[in-house]
Structure formats: structure tokens, C-alpha cells
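These figures come from a predicted structure and were not determined experimentally. Start at 1 with the first residue, then count along the sequence.
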Amino acid sequence: MNATPKAPPAWVPLARRILAASADNRHAEASRLMQELLNRYGSAAGLPALFAMIDAANTSAGHRAGQHPRQLMYLCADTGQLQTADQVNPAVRWAGRLMVARAANDRDQAEALINSVPSDNDKQWSDNVLAVINMCGQMVRGARGRAGGGESDSR
């Protein structure tokens with residue numbers, strides 16, 4: 001039986017641009033593009049787009065599906081020092097936990113994290129989403145550095 005491959009969602013190219021902008025430290029642009037994605041495709045596209053960025057960041061960092069850290073640590077971009085979850089702000093902590101849940105394919109944990117944010121708290125949602133985008137960008141940037149790559153040409 002010949003099955004026609006399913007076309008990727010329409011938001012995928014924009015999600016790639018968001019990740020590229022974040023990886024190039026263009027955080028304001030990444031934020032603007034995420035808002036554009038939500039405006040264009042609706043809030044229902046937000047979580048799948050975040051998961052796609054997490055998956056792409058994990059792939060670029062060489063992580064295999066189902067592989068996840070035993071202990072979650074955070075790299076401070078300013079100092080290069082590792083930090084524990086207790087040492088980072090709540091949005092970064094939430095983002096790291098969501099990224100680990102996604103990498104581990106732990107749907108229950110991902111759902112619990114998503115449900116932990118009040119649906120009417122736009123600032124908390126925005127902070128959390130931007131933290132995920134920034135962390136994904138940092139992973140891609142780190143992978144580039146290990147591979148000897150430079151800046152992205154996706155501008």
C-alpha cells in the first residue's frame with residue numbers, strides 16, 4: 001500500500017526561523033517570530049512548535065530519543081557555570097523540566113508542567129515559552145561550537 005507522506009504543519013518554517021534567531025542570540029527577533037507564529041496559526045500551534053524546537057535542539061546536541069539526564073543542571077550563559085534548579089529563575093526551571101520531559105517522552109510530566117501554569121497568566125506563559133526558546137537556542141549554539149560551526153546563515 002502506498003501511503004502519501006503527510007505534509008509538515010504550516011508553522012514549521014516559522015518555528016525553524018525562531019530557533020535560528022535564538023541560536024544566533026537574536027532573542028528579540030525570536031520573541032517577535034513566536035508571537036507571529038501564534039498570531040498566524042493560533043495558540044494550538046504553540047506547544048507543538050515548542051516541542052519541535054526542543055526536538056531539533058536535542059538532535060543538534062547529539063541526544064537520542066528517550067535519552068535524558070539523570071540530574072538536571074543549567075548552564076549560566078553569562079558565567080559559564082553550572083547551576084541547579086534551585087539557582088535559576090522559575091521560568092528557566094520550568095523550561096528545563098519541560099525539555100527533559102519531552103526528551104524522555106514523558107507525556108504525563110509534560111502535561112503536568114503545562115497544567116501548572118494558570119491559563120490566565122499571560123506573563124508567566126510568555127516567560128516560560130521564551131525560556132524554552134532561549135534554552136533551545138543555547139543548545140544549538142553549543143552544538144555549533146563543538147562542531148566548529150559559526151553563525152547561522154538563516155537570517
Side-chain angles (χ1 to χ4, degrees), residues 5-38 41 45-117 124-155:
K6 187 176 176 184
W11 50 259
V12 168
L14 197 46
R16 288 182 181 142
R17 288 177 54 204
I18 294 165
L19 184 56
S22 181
D24 289 343
N25 277 320
R26 294 180 280 125
H27 300 295
E29 181 180 348
S31 177
R32 181 188 59 75
L33 289 169
M34 186 64 186
Q35 189 59 56
E36 182 180 331
L37 184 144
L38 294 171
Y41 301 106
L47 194 56
L50 276 183
F51 283 163
M53 287 182 254
I54 292 168
D55 294 346
N58 279 325
T59 298
S60 75
H63 300 178
R64 293 187 306 258
Q67 180 186 37
H68 53 90
R70 291 177 220 181
Q71 181 181 7
L72 186 57
M73 298 293 291
Y74 299 83
L75 178 66
C76 178
D78 295 333
T79 66
Q81 299 295 312
L82 289 177
Q83 298 176 308
T84 66
D86 293 333
Q87 295 171 300
V88 298
N89 76 52
V92 171
R93 183 172 37 250
W94 185 93
R97 289 178 176 159
L98 182 68
M99 292 175 73
V100 168
R102 176 65 180 178
N105 201 24
D106 186 341
R107 292 177 187 209
D108 292 338
Q109 179 64 25
E111 187 173 318
L113 285 161
I114 291 160
N115 290 334
S116 74
V117 182
Q124 188 174 353
W125 272 113
S126 178
D127 290 349
N128 290 355
V129 166
L130 292 177
V132 170
I133 292 169
N134 290 341
M135 289 174 75
C136 287
Q138 188 174 23
M139 287 175 68
V140 170
R141 203 167 37 257
R144 282 186 198 151
R146 286 187 300 280
E151 293 293 312
S152 169
D153 62 353
S154 59
R155 293 175 195 184

State the [atom1]-[atom2] distance between [X] and [Y], to the nearest 0.5 angstrom.
{"X": "Ile18", "Y": "Ser31", "atom1": "CD1", "atom2": "OG", "value": "9.5 Å"}
{"X": "Met34", "Y": "Leu50", "atom1": "CE", "atom2": "CG", "value": "4.5 Å"}
{"X": "Leu98", "Y": "Asn128", "atom1": "CG", "atom2": "CG", "value": "9.0 Å"}

Are any side-chain N or O atoms of Ser116 and backbone N or O atoms of Leu113, one a donor and one an acceptor, separated by less than 3.5 Å?
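Present.
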Are Arg144 and Asp24 close enough for a salt bridge, meaning some N to O gap below 4.0 Å?
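Yes, charged N to carboxylate O under 4.0 Å.
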Where [X] and [Y] come nearest, the two heavy atoms and their spacing:
{"X": "Ser22", "Y": "His27", "result": "O-CE1, 3.7 Å"}
{"X": "Arg97", "Y": "Ala85", "result": "NH2-CB, 3.9 Å"}
{"X": "Arg102", "Y": "Ile54", "result": "CG-CG2, 3.7 Å"}
{"X": "Ala131", "Y": "Ala91", "result": "CB-O, 3.5 Å"}
{"X": "Gly46", "Y": "Leu38", "result": "CA-CD2, 3.7 Å"}
{"X": "Ala110", "Y": "Phe51", "result": "CB-CZ, 4.3 Å"}

Note, Asp106 side chain near Val100 side chain (heavy atom, < 4.5 Å):
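Counting from C-beta outward, Asp106 and Val100 never come under 4.5 Å.
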Would you say the side chain of Trp94 lies within less than 4.5 Å of the side chain of Val117, judging by non-hydrogen atoms?
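Val117 reaches Trp94 side chain to side chain.
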side-chain contact (heavy atoms from CB on, under 4.5 Å) assessment of Gln138 paired with Asn134
CA-CA 6 Å; Gln138 188 174 23; Asn134 290 341; over 6 Å; no
Worked check of side-chain contact (heavy atoms from CB on, under 4.5 Å) between Val132 and Met53
CA-CA 9 Å; Val132 170; Met53 287 182 254; 5.9 Å; no
Would Met99 and Met139 satisfy side-chain contact (heavy atoms from CB on, under 4.5 Å), going step by step from the backbone distance to the final call?
CA-CA 11 Å; Met99 292 175 73; Met139 287 175 68; 3.4 Å; yes
Derivation and outcome, side-chain contact (heavy atoms from CB on, under 4.5 Å), residues Leu14 and Tyr41:
CA-CA 10 Å; Leu14 197 46; Tyr41 301 106; 4.3 Å; yes
